[in-house]
Structure formats: structure tokens, C-alpha cells
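Reading through the C-alpha cells given below for one structure.
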Amino acid sequence: MFALVDCNSFYASCERVFRPDLRTKPVVVLSNNDGCVVALTKEAKNLGVKMCDPWFKIEREFKQKGGIAFSSNYELYGDISSRIMSILEELAPKVEVYSIDEAFLDLTGISHCMNLEEFGRTCQKQIMQYTGMPVRVGIGPTKTLAKAASYGAKRYPTTQGVLDITDLYRREKLMTLMPVNEIWGVGRRLNKRLISQKVLTTFDLINMNIEQVRKQFSIMLVNTIRELKGESCIPLDSAPSPKKQIVVSRTFSTRVTELDYLEEAVSDYAARAAEKLRKEGKTCKMLSVFIRTNPFRKQDIQHREIRSFSMLYPTNDTRDLIKHAKLLLKDLYKEGFNYNKAGIMLNNFFDETTYQLDLFKKKDRNSKDFKMMALLDQVNKSSLGQISFLAQGIKKEWSMKRQLQSPRYTTSLKDVLVVN
DNA sequence: TCTGGGGTCCTAGGACCC
DNA sequence: TCTGGGGTCCTAGGACCC
């Protein structure tokens with residue numbers, strides 16, 4: 001038996017936690033560069049705002065109607081998230097932190113001694129009391145069904161945010177009402193194909209012929225159907241799995257045509273990626289760089305390309321990564337394009353501690369280089385200041401804007417709320 | 001003028017091998 | 001004229017998730 005605990009409009013609710021005056025106001029949170037809407041409260045939804053709406057298109061009307069917008073403040077959201085997760089860890093024996101605002105719980109055991117709906121309400125109450133975050137809880141025999149229940153809890157106000165669909169009758173009722181595109185694992189493309197075969201609701205889907213589905217679609221959809229029928233195929237994964245890939249990418253605040261600026265940006269991303277890699281305790285062998293123009297500017301000629309390089313020895317040294325990233329970029333770069341985004345990807349990871357010895361090249365893991373990177377991370381983590389490489393740029397004119405950001409209420413002493 | 005970022009998994013196709 | 005079959009591994013791209 002599984003539960004899914006899901007925060008309501010998470011980022012927007014985080015902003016409300018410290019601004020009780022916004023409790024009934026329409027609130028949206030914007031992506032980097034204040035580009036588009038990534039979270040919105042139901043009041044904002046009622047004004048016609050949709051997820052992913054470009055901010056510049058809705059800004060005027062939204063403000064006129066009394067809406068409030070925030071740039072994203074990931075430091076704040078991450079902190080509130082981890083507080084919620086630790087509350088859940090005390091309530092349930094096993095927890096899988098699925099994303100910043102969602103967790104699956106394993107309810108085996110609990111179902112013997114407690115009514116599950118009641119358990120859901122307890123979660124809701126405690127999280128509200130300790131953090132001020134509104135959540136909903138979906139309960140079912142598989143993860144996909146718990147997700148479906150969570151959809152039901154959102155969609156139908158009479159549930160008051162908790163829905164248990166262990167009961168077969170309730171489950172089928174929900175499935176006849178739930179459109180296929182709301183199912184976990186059915187995205188835009190699949191939805192389109194399913195609709196063309198007159199599969200509109202979840203109930204239609206579970207009545208499809210499994211063999212047909214396997215042939216026409218994929219094993220993934222087959223598993224989804226099995227899960228919807230109550231057969232658990234996706235286990236709870238309580239240990240965070242080690243990363244297989246690290247990506248750092250940003251859109252620029254301005255259009256960039258010069259190689260110099262791109263080099264700065266890509267070096268900066270390489271440095272951040274190297275930092276993440278070291279935090280994972282890994283080295284990588286493969287590095288890719290990509291750049292692209294703005295696909296929304298139809299009047300511009302477009303260029304998007306990615307190029308990869310496999311290094312001779314796995315590394316997590318910032319200087320190695322910057323060096324190779326710049327070389328790849330030089331290969332990619334073409335004059336006369338308005339670039340608006342660049343990024344770097346690291347793949348093919350090795351454990352930092354297990355090192356493939358080389359017959360001809362002696363490289364000690366305790367070398368000066370290794371110590372230097374450790375020191376770099378230590379300083380950057382502390383409040384002493386930031387060390388960066390010159391290649392990362394000084395002014396960073398391409399870097400993103402965040403004009404509407406809230407204070408770091410919980411992670412910076414100087415931003416702590418003062419009560420008079 | 002202004003449209004996000006970071007992940008995972010699956011699949012098809014090519015290279016290569018015997 | 002006629003040019004195999006089967007397997008593995010890797011990669012790029014698609015689809016999906018939040």
C-alpha cells in the first residue's frame with residue numbers, strides 16, 4: 001500500500017508561508033530570467049493564468065487584477081522541502097523523496113493498525129502545523145494508483161485533500177472520470193495516440209488488450225496498465241539513487257553573439273558542474289557542450305548543436321572540465337547567430353576512490369590538484385567568500401535576471417523575519 | 001524586448017564481432 | 001545473377017517526469 005504526499009502549488013505556497021497577507025491572493029512563481037510561470041495558486045488559475053505562460057504576455061493583466069509574482073527562490077523552497085520530508089520520515093516507516101514537492105510513503109504495516117484516510121489527515125495536519133504548507137494525500141495499492149488518488153484529491157473538493165482508493169468501487173469510479181493524460185506516465189504524445197484510438201479515460205485504458213498495447217506502444221505503458229489494475233510493478237525507492245548525469249544550463253538574459261561571452265558562460269557552468277560532481281564523490285569521463293538560438297524568434301536563423309568529448313582519464317577537476325568545454329565550444333560556435341542558451345553535460349561517471357591505474361601516467365589521488373579542489377569547495381561552501389576562475393567571467397553580462405525574488409527567510413541570517 | 005532547468009528510461013540504428 | 005545470421009555495445013533522440 002502506498003501514499004503520495006504532494007504539496008499544493010508548492011513554490012507559490014512557500015512564498016505564502018512568510019507572507020500571510022497573500023493567503024487569498026493570486027500568486028505565481030516564475031522560472032529563471034522571470035521567463036514563464038512555473039507555479040500558481042488556484043486564485044491565479046481562476047484569473048486564467050496557466051502553467052508555462054510567458055510572463056511578459058500576462059504580466060500587465062495579472063498585476064491589474066491584483067496578482068503577485070515572485071522570481072524563483074530555490075534556496076527557500078529547498079529548505080522548506082527538507083523540513084516537510086523529515087516530518088514524513090517520522091510518520092511513515094519508509095519514504096521515497098520523489099521530487100522537491102512530492103514523496104511516496106510505504107504504508108505496509110500502517111494499514112493494519114490505522115485507517116488510511118485518517119493517516120492521510122494526520123500527515124496534512126502535522127505538515128500544516130509545522131511548516132504552513134498545504135498538502136494533499138493520495139492512497140492506493142500501487143504508486144500509479146496513489147498518484148491517481150492524488151489527482152482525485154485535487155480535482156474533487158469534497159475529499160478535502162485526502163483520497164483513499166483501496167476500495168475497488170471507488171477506484172473504478174475515479175477511473176471512469178479521469179482522463180488518460182492525467183495518468184502518471186502518459187504525456188502529450190501518448191495522449192494523442194490514445195485519443196485517436198478512442199481511449200479517453202483511465203477506465204478505457206485498463207480495458208485495452210495488453211498484448212496489443214505491448215506491440216503498438218511500449219513496455220512502459222504495459223506496466224502502467226498493470227499498476228492501474230493493482231499489480232505493483234514500481235517499487236518504493238527509499239535510497240536516493242546515484243546520479244548518472246549532471247546538467248548545468250541557463251538561458252541568457254540577453255542575446256549573445258560573441259564567442260567571448262559564450263566562453264564565460266560555458267566555463268561558469270563547467271565550474272558548477274564540477275562542483276556538483278565532486279559533491280557526488282564522482283569523476284566523469286564524458287563531457288558535452290551545447291548552445292542554441294532562441295526557437296521562439298522565428299525571424300532569426302536557428303542553430304542548435306551538441307558536441308561531446310570522451311576524456312582519456314576520468315576527472316572532476318574544474319580546470320580540466322573548463323579546458324575541454326572551451327575546446328568543444330570553439331568547434332560548435334558559428335558567427336552571426338543570436339544564441340540564447342548554453343549548457344554543459346557530464347556523463348560516464350566513476351567513483352572518485354576507485355581509480356584506474358595507468359601504466360604510463362602516474363597520478364596520485366592525494367596530489368596537490370585534488371587538495372586544491374577540496375579547498376575550493378570548502379571555501380565556497382563557507383561564508384568566507386567565493387573563489388572562481390577568471391574564465392567564468394567577472395561581470396557576467398549574460399547571466400540571468402531575477403527581479404522579483406523574495407528574501408532567504410530560512411537560510412540567511414540577515415533575511416530572517418523580524419517580529420515587532 | 002521578454003518563452004526554465006534538471007533529470008531518467010526506452011528504443012532504433014549503427015558499428016563491430018564471430 | 002547470386003552477398004548470412006545472430007549477438008552485444010554504444011549513441012542519439014524521443015518521451016516522460018517534476
Side-chain angles (χ1 to χ4, degrees), chain A residues 4 6-7 9-11 28-39 49-60 69 71-74 77-78 81 96-104 143-144 147 150-151 180-194 214-224 233-234 237 240-255 269 272-273 276-277 280 285-286 288 290 292-300 304-310 338 340-349 399-404:
Chain A
L4 178 75
D6 202 338
C7 301
S9 337
F10 181 61
Y11 295 171
V28 300
V29 175
L30 306 174
S31 63
N32 284 339
N33 278 318
D34 297 339
C36 57
V37 174
V38 291
V49 179
K50 286 197 293 293
M51 194 75 160
C52 302
D53 275 348
W55 176 233
F56 75 92
K57 281 191 184 167
I58 61 157
E59 175 173 7
R60 202 145 167 226
S71 305
S72 31
N73 183 346
Y74 293 109
Y77 311 151
S81 172
E96 174 185 343
V97 178
Y98 179 65
S99 73
I100 192 162
D101 72 332
E102 274 173 74
F104 285 103
K143 283 166 103 176
T144 307
K147 270 271 193 188
S150 163
Y151 160 79
V180 271
N181 67 308
E182 297 290 350
I183 300 169
W184 191 38
V186 177
R188 271 216 330 270
R189 287 296 278 267
L190 263 179
N191 184 44
K192 228 171 147 187
R193 285 174 67 193
L194 287 168
R214 194 193 308 271
K215 264 188 242 153
Q216 273 185 48
F217 295 88
S218 70
I219 187 73
M220 296 176 71
L221 193 59
V222 171
N223 283 338
T224 298
C233 310
I234 310 169
D237 188 4
S241 44
K243 282 198 203 314
K244 294 172 179 165
Q245 178 179 70
I246 286 172
V247 180
V248 177
S249 73
R250 298 276 182 280
T251 37
F252 307 133
S253 53
T254 52
R255 270 173 270 160
Y269 304 160
R272 285 163 180 271
K276 285 191 192 185
L277 188 60
E280 289 280 308
K285 228 178 143 192
M286 180 128 106
S288 316
F290 67 88
R292 63 142 229 232
T293 50
N294 186 346
F296 292 102
R297 280 180 65 88
K298 301 291 180 209
Q299 68 271 42
D300 282 4
R304 59 181 295 176
E305 206 175 334
I306 180 164
R307 208 157 286 189
S308 311
F309 180 72
S310 194
N338 289 322
N340 97 126
K341 182 173 184 173
I344 184 155
M345 271 164 72
L346 307 181
N347 280 295
N348 206 345
F349 292 172
S399 82
M400 64 187 184
K401 53 173 195 252
R402 268 187 192 160
Q403 290 175 340
L404 311 164

Please check the phosphate of [N] (OP1 and OP2 only) for any side-chain N or O of [X] closer than 4.0 Å.
{"X": "Asn33(A)", "N": "dC2(B)", "value": "no"}
{"X": "Ser99(A)", "N": "dC17(C)", "value": "no"}
{"X": "Lys147(A)", "N": "dC16(C)", "value": "no"}
{"X": "Lys341(A)", "N": "dT3(B)", "value": "no"}
{"X": "Arg297(A)", "N": "dT1(B)", "value": "no"}
{"X": "Ser72(A)", "N": "dG4(B)", "value": "no"}
{"X": "Lys243(A)", "N": "dG6(B)", "value": "no"}

Counting the atoms with a prime plus P, OP1 and OP2 as sugar-phosphate, which does [X] contact under 4.0 Å by heavy atoms, base, sugar-phosphate, or nothing?
{"X": "Ile306(A)", "result": "nothing"}
{"X": "Ile100(A)", "result": "nothing"}
{"X": "Glu59(A)", "result": "nothing"}
{"X": "Asn294(A)", "result": "sugar-phosphate"}
{"X": "Leu30(A)", "result": "nothing"}
{"X": "Trp55(A)", "result": "nothing"}
{"X": "Ile183(A)", "result": "sugar-phosphate"}
{"X": "Lys57(A)", "result": "base"}
{"X": "Asp53(A)", "result": "nothing"}

Are more than 12 heavy atoms, taken from residues, nucleotides or ligands other than Arg297(A), located less than 6.0 Å from that residue's CZ atom?
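Buried by this count: over 12 neighbours within 6.0 Å.
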Enclosure of Arg307(A) CZ (heavy-atom neighbours >12, cutoff 6.0 Å):
yes
Give the C-alpha distance, both sets of side-chain angles, the deciding distance and a yes or no for side chain to side chain donor-acceptor pair (under 3.5 Å) between Asn340(A) and Thr251(A).
CA-CA 6 Å; Asn340(A) 97 126; Thr251(A) 37; 5.5 Å; no
In whole Å, I'd like the distance from the [atom1] atom of [X] to the [atom2] atom of [N].
{"X": "Leu190(A)", "N": "dG14(C)", "atom1": "CG", "atom2": "C1'", "result": "11 Å"}
{"X": "Ile58(A)", "N": "dT1(B)", "atom1": "CD1", "atom2": "P", "result": "19 Å"}
{"X": "Phe252(A)", "N": "dT1(B)", "atom1": "CZ", "atom2": "P", "result": "21 Å"}
{"X": "Asn223(A)", "N": "dT11(B)", "atom1": "CG", "atom2": "P", "result": "10 Å"}
{"X": "Tyr98(A)", "N": "dT8(B)", "atom1": "OH", "atom2": "C1'", "result": "9 Å"}
{"X": "Ile246(A)", "N": "dG6(B)", "atom1": "CD1", "atom2": "P", "result": "11 Å"}
{"X": "Phe296(A)", "N": "dT1(B)", "atom1": "CZ", "atom2": "P", "result": "16 Å"}
{"X": "Glu96(A)", "N": "dG7(B)", "atom1": "CD", "atom2": "P", "result": "17 Å"}

Here the gap from Asn181(A) atom CG to Arg188(A) atom CZ, rounded to the nearest 0.5 Å, amounts to 11.5 Å
Find which nucleotide of DNA chain B each of Met220(A) and Pro54(A) is nearest to by heavy atoms, and output the residue with the more 5' nucleotide.
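Nearest-nucleotide comparison on DNA chain B picks Pro54(A).
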5' priority, DNA chain B, between Lys276(A) and Tyr11(A) [closest heavy atom]:
Tyr11(A)
Taking atom C1' in both dG4(C) and dC16(B), compute the distance separating them and give it to the nearest angstrom.
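Result for the C1' pair: 16 Å, nearest Å.
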Side-chain (Ser72(A)) to main-chain (Leu30(A)) donor-acceptor, under 3.5 angstrom
yes
Kindly assign one of parallel, tilted or perpendicular to the pair Phe104(A) and Trp184(A), based on the angle between their ring planes and the thresholds 30° and 60°.
tilted
Identified pairing partner of dT11(B), criterion: Watson-Crick or G-U wobble below 3.5 Å:
dA12(C)
